[in-house]
2 protein chains.
Amino acid sequence: MQNESQIKVLLNEQKFRLTNERHLLLKLFSESSRMLTPAQLHELALEHQVKIGLTTVYRLLEVLTKTELATPFLIEGVIYYTFCGCNHHHHLVCLSCHQVLETHQSCPTVEVPEDFRVEHHRLDLYGKCSACQHSIEGGESH
Amino acid sequence: MQNESQIKVLLNEQKFRLTNERHLLLKLFSESSRMLTPAQLHELALEHQVKIGLTTVYRLLEVLTKTELATPFLIEGVIYYTFCGCNHHHHLVCLSCHQVLETHQSCPTVEVPEDFRVEHHRLDLYGKCSACQHSIEGGESH
DNA sequence: TTATCTGCAAAAGGTTTGCAACTGA
DNA sequence: TCAGTTGCAAACCTTTTGCAGATAA
């Protein structure tokens, strides 16, 4: 997992603890290239013999979102989360398999009314990844 | 409301009907400069003596989202919708009062892996509008 | 040592569905 | 005329909460 100690510092700064459960969950979450619903992340944990309650998953995702280590996505009414490491970036999302790629290109410059104070922005590109374009049914699997 | 007949055409194209209820709701929705939750839109309707069921509001928002006449936002775990007219644009969102401004500037160019097919994108800027910067408590009202 | 975290079960909220009556095209 | 829409109530699911026991710092 990228910068484990950095993550711990980020959490501790806000009085969050990196418990054993969170450590294991975080590892699975950060190694997944797909965005996951809380239930899917929970299921992933169980598959890897990480016994953990669904409530704990919700609470971890809340903490990660607050520390900007996770980004929520709303796709067709369903909320997914993706792990986000420590640097600002943009997302490339495959709508079939829900894989999320990061692009670290420069941020777009947008003119805004001068009395509007921009605090942050989000740029997401949606489409189909290579694998899903070529699969007969157009993805959904893997 | 902008381009009422255009909207009707868009809806009819997908076999949706512009009923009296939808017509009234759409008018209120499109005239609101804020993003609204389904419950807030429902409440807004009732305030304007538009008697309508909450279920109908949900169903209209579903239809509008499918025809790209509405865009959903996920802010702190809550789902809001904003009316979106007929042209592609980007959003400027005030996190205090939930006002949404549109900017019609050119779309950012992002290099993506050549095997990824981009279908659409979304660029949203978040911050504080003029009124909310200057109000003592930082907004939430109006 | 103590503020924070965990798991469970229960509660709460938001969203969807089934159905009979209605209505736009 | 009839496919699509409406309102209501019930069903559904996701998310949150309370609490007693555990644990990181």
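Within every chain, numbering begins at 1; the chains are lettered A, B, ... in the order of the sequence lines, protein sequences first and strands thereafter. Keep in mind it's a predicted model, so treat the numbers as computed, not measured. Because only heavy atoms are used, hydrogens play no part in the values below, and waters and symmetry mates are left out as well, while side chains stay in.
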- Note on the structure: Thr56(B) has its side chain closest, among dT23(D), dT5(D), dT6(D), to dT6(D)
- Spell out yes or no: do the side chain of Arg59(B) and the base of dG4(D) have one donor N/O and one acceptor N/O closer than 3.5 Å? no
- Query: Arg22(B) side chain N/O closer than 4.0 Å to the phosphate oxygens (OP1, OP2) of dT6(D)?
  - Reply: yes
- Message: Need to verify one output field. Residue with the more 5' nearest nucleotide on DNA chain C, Ala39(B) or Asn20(B)?
- Response: Ala39(B)
- Query: Taking atom types as modelled, is there a side-chain donor on Gln40(B) or His42(B) under 3.5 Å from an acceptor on the other?
  - Reply: no
- Task: Please report, rounded to the nearest Å, how far the C1' atom of dG24(C) is from the CD atom of Gln14(B).
- Result: 18 Å
What side-chain donor-acceptor pairs closer than 3.5 Å can you find for residues 63-75 of chain A, not counting sequence neighbours?
unit_1, atom_1, unit_2, atom_2, d
Thr65(A), OG1, Leu61(A), O, 2.7
Lys66(A), NZ, Glu62(A), OE2, 3.2
Thr67(A), OG1, Val63(A), O, 2.9
Thr67(A), OG1, Leu64(A), O, 3.2

- Message: Given dA25(C), dT5(D), dA9(C), identify the nucleotide with an atom nearest to the side chain of Thr55(A).
- Response: dA9(C)
- Ile52(B) CD1 to dC8(D) C1': how many Å, rounded? 14 Å
- Using atom NE2 of His23(A) as one end and atom C1' of dA25(D) as the other, report the distance to the nearest whole Å. 17 Å
- Message: The criterion is side chain to side chain contact (heavy atoms under 4.5 Å, CB included); which residues satisfy it with Glu76(B), sequence neighbours excluded?
- Response: none
- Note on the structure: Assert: residue with more 5' nearest nucleotide on DNA chain C, out of Leu54(B) and Glu21(A), is Glu21(A)
- Task: Please report, rounded to the nearest Å, how far the P atom of dT2(C) is from the NZ atom of Lys15(A).
- Result: 15 Å
- Distance, rounded to the nearest Å, where Leu11(B) contributes CG and dG24(C) contributes C1': 13 Å
- Item | Length of the CG-P vector between Leu61(B) and dT15(C), whole Å | 10 Å
- Can you tell me how far the CG atom of Leu123(B) sits from the CG atom of Asp124(A), to the nearest 0.5 Å? 9.0 Å
- Query: Quick one: are the ring centres of His121(A) and His88(A) less than 6.0 Å apart?
  - Reply: yes
- Within the structure, does a side-chain N or O atom of Tyr58(B) lie under 4.0 Å from either OP1 or OP2 of dT16(C)? no
- Task: Could you tell me whether the phosphate oxygens of dA25(C), OP1 or OP2, come under 4.0 Å of any side-chain nitrogen or oxygen in Lys8(B)?
- Result: yes
- Message: Rounded to whole Å, please give me the gap between OH in Tyr81(A) and P in dT15(D).
- Response: 7 Å
- Item | Atom-pair distance (CD on Glu13(A); C1' on dT4(C)), nearest Å | 17 Å
